[in-house]
Amino acid sequence: MALWLFKSEPDVFGWPDQVALGDTGGEWHGIRNYQARNNMRLMQLGDRGFFYHSSIGKEIVGIVEVIGPSHPDSTTDDPRWDCVNVRAQRPFAHAVTLDKIRNHPALTEMVLVKNSRLSVQPVRPEEWDIICALGQTEP
DNA sequence: GCCAACGTTGGC
DNA sequence: GCCAACGTTGGC
């Protein structure tokens, strides 16, 4: 099982919107970046990811589960763009802010820190565990 | 709202 | 295939 991080602007689509989709979840569509798309193509059922609020909040607020494999993005006819389906798994007891991540000595190599523009990115297991602990959430 | 960083496009 | 111009993202 692999671990990821999904970014979204909460005023467009935030954690409450993801929760509202329920157990059937929905497409993580609208990604128009090759690196992010390639990451989604690598995803398998049961993979999990952090849900990160960019711009407003700048914090990780919950965990999503990949429930649908990579397939064409229904919001475009352009065959280049694929997406996966995800559903909310659980919220963080405490959101983990970008500031906190930046200032944690073991998290300075995170993609979120190194390449802040990549909207779908891999997370290392040790990073996953540290952030879950900071959020007082089960891994 | 600004701007730096990054990705993409298109002319050559 | 290079690179300048342009557009977008996202932190501040």
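Residue numbering restarts at 1 for every chain, and letters A, B, ... go by the order of the sequence lines.
For A:Gln121 and C:dT9, the CD to C1' distance is 13 Å, given to the nearest whole Å. To the nearest angstrom, C1' of C:dG11 lies 13 Å from CG of A:Asn115. Between A:Gln35 atom CD and B:dT8 atom C1' the separation is 13 Å, expressed in whole Å. Here the C1' atom of nucleotide C:dG11 and the NZ atom of A:Lys7 are 10 Å apart, to the nearest Å. Distance CG (A:Asp11) to C1' (C:dG11): 15 Å, rounded to an integer number of Å. Summarising the geometry, the separation between CG on A:Leu98 and C1' on C:dC12 is reported as 11 Å, rounded to the nearest angstrom. To the nearest angstrom, P of C:dG11 lies 13 Å from CE of A:Met110. The NZ-P distance, from A:Lys114 to C:dT9, rounds to 24 Å in whole Å.
Here the two rings, on A:Trp28 and A:Phe51, have centers that are under 6.0 Å apart.
Going from atom CD of A:Gln136 over to atom NE2 of A:His94 covers 4.0 Å, rounded to the nearest 0.5 Å.
Remark: A:Leu134 pairs with A:Val96, A:Lys100, A:His104, A:Leu107, A:Ile130 by the side chain to side chain contact (heavy atoms under 4.5 Å, CB included) rule, at least two apart or across chains. Among residues two or more places apart in sequence or in another chain, the side chain to side chain contact (heavy atoms under 4.5 Å, CB included) test is passed with A:Thr75 by A:His29, A:Arg32, A:Asp73.
Of the residues in residues 48-60 of chain A, those lying under 4.0 Å from DNA chain C by heavy-atom distance are A:Tyr52, A:Ser55, A:Lys58.
Among the candidates A:Ile60, A:Ile131, A:Ile63, the single residue satisfying the side chain to side chain contact (heavy atoms under 4.5 Å, CB included) test with A:Thr137 is A:Ile63. For the side chain to side chain contact (heavy atoms under 4.5 Å, CB included) with A:Lys7, the qualifying choice from A:Leu112, A:Val120, A:Ile31 is A:Leu112, the only one to do so.
In this structure, the side chain of A:Arg41 does not engage the main chain of A:Asp82 through any donor-acceptor pair within 3.5 Å.
Nucleic acid contact class of A:Leu118 (heavy atoms, under 4.0 Å, all strands): none. At a threshold of 4.0 angstrom between heavy atoms, the contacts of A:Arg32 with the nucleic acid are absent.
Contact check, A:Arg117 against B:dT8: no side-chain N or O comes under 4.0 Å of OP1 or OP2.
Closest to the A:Arg80 side chain, of the nucleotides C:dG11, B:dT9, B:dT8, is B:dT9.
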